[in-house]
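First comes the structure, then the notes that go with it.
Counting starts at 1 for both ligands and their atoms, in listed order.
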Amino acid sequence: MRAKIVAGNWKQNLNLNEAYDLMEGIDKAIKNADVPGVGIVIAPPAVYLSAAADVFEFTTTVAIAAQDNSRYASGAHTGEISAEMLASCGCDYVILGHSERRSQFQENAEILNEKLERALESRLRPIFCVGEDLEERRSGKYLEVVKTQLQETLFKLPRGAADKIIIAYEPVWAIGTGETASPEQAQEVHESMRMWVKEAFDSEMAEKMPMLYGGSCKPSNAAELFAKPDIDGGLIGGASLKAEDFIEIIKAAGKA
Ligand code: PEP
């Protein structure tokens with residue numbers, strides 16, 4: 001059975017004091033809650049990653065993720081942060097392919113493949129996001145869209161690299177909108193993704209690959225989403241900015 005994972009994507013939110021408050025709130029809430037077996041990940045903005053690594057240094061319960069890594073290994077790329085730097089600051093994971101990066105920063109498959117390679121070279125575990133937009137959902141082409149996103153990236157990796165990936169299915173129409181995919185809608189895509197992973201690699205890989213749902217996941221809907229057989233947890237945006245909501249979602253994963 002796959003372990004559940006709940007990852008919080010803080011995006012471009014909070015100043016340093018607020019970030020510390022949230023980390024301390026999460027730390028306290030986790031200590032008071034009984035959630036063994038749930039992998040907990042937080043992805044603060046890059047400038048707070050070292051602080052996060054310090055706060056959670058002596059816990060094995062919370063791992064740190066970056067929200068992006070450079071497509072380049074090192075050198076003259078002003079403003080960029082390499083995967084190696086992130087790993088050296090205590091990150092174990094990195095979110096790649098988020099729809100906000102794809103749409104606001106024109107990240108296409110070519111760029112994402114370079115970023116995936118850099119992440120894997122530095123032993124960061126990518127949480128790789130895919131998902132259709134509203135028009136693609138309405139046109140009924142959403143499965144095709146998600147399959148293509150996987151074929152252009154993840155399925156090009158050798159098996160020994162692809163098996164480090166966590167997929168996050170994040171329908172763009174559900175991100176930050178308050179509109180959540182129904183458990184049935186999410187399960188349909190997750191089940192299809194698992195079948196495509198099996199076709200691209202093999203059934204062992206398909207069985208083991210963690211697949212998270214993201215898109216307005218909150219305490220009130222987490223349990224029914226996580227109860228679906230192919231949903232292995234969540235990538236949480238807005239609700240990860242409040243320790244009490246984040247912990248409720250983690251508890252829902254613990255019970256699923
Ligand atoms: C996200 O952006 O990864 C996300 C899932 O956001 P939200 O939970 O706010 O919809």
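Remark: minimum distance from atom 3 (O) of ligand 1 to any protein heavy atom is reached at Glu170 OE2, 2.8 Å. Taking atom 2 (O) of ligand 1 as the reference point, the nearest protein heavy-atom neighbour is Lys11 NZ, 2.5 Å. With hydrogens left out, the protein atom closest to atom 1 (C) of ligand 1 is His98 NE2, 3.2 Å, a heavy atom.
In summary, the atoms of ligand 1 found under 4.0 Å from a heavy atom of Ala174, numbered by their order in the structure, are 10 (O). Using a 4.0 Å cut-off to heavy atoms of Leu235, the atoms of ligand 1 that qualify are 3 (O), 5 (C). Atoms of ligand 1 found under 4.0 Å from any heavy atom of Asn9 (numbered from 1 in listed order, with element): 2 (O), 3 (O). Annotation for ligand 1: atoms under 4.0 Å from non-hydrogen atoms of Gly215 are 5 (C), 10 (O). Those atoms of ligand 1 that come under 4.0 Å of a heavy atom in Gly214, given as number and element, are 5 (C).
Of the possible donor and acceptor atoms, none in the side chain of Arg2 sits under 3.5 Å from a partner among the backbone N and O of Met211.
More than 12 heavy atoms of other residues, nucleotides or ligands sit less than 6.0 Å from atom NZ of Lys164.
Ile249 and Ile166 are members of different hydrophobic clusters when ILVMFWY side chains are connected at heavy-atom separations under 4.5 Å.
For ligand 1, one of its N or O atoms has an N or O atom of Ser216 under 3.5 Å away. Between Gly237 and ligand 1, at least one pair of N/O atoms sits closer than 3.5 Å. Annotation: Gly176 places an N or O atom under 3.5 Å from an N or O atom of ligand 1; distance criterion only. Checked by distance only, ligand 1 and Gly238 come closer than 3.5 Å through their nitrogen or oxygen atoms.
Between Lys251 and Glu248 a salt bridge is recorded (basic side-chain N to carboxylate O distance below 4.0 Å). Between Arg194 and Glu207 there is no salt bridge, since none of the side-chain N atoms of the basic residue sits less than 4.0 Å from a carboxylate O of the acidic one. Between Glu117 and Lys156 no salt bridge is recorded (no basic side-chain N to carboxylate O distance below 4.0 Å). Between Lys147 and Glu144 no salt bridge is recorded (no basic side-chain N to carboxylate O distance below 4.0 Å).
Taking CG of Leu235 as the start and OG of Ser240 as the end, the distance is 8.0 Å to the nearest 0.5 Å.
Using cut-offs of 30° and 60° on the angle between ring planes, the pair Tyr72 and His77 is parallel.
Within the 4.0 Å heavy-atom shell around ligand 1 one does not find Lys218. Within the 4.0 Å heavy-atom cutoff, Ala168 does not count among the residues contacting ligand 1.
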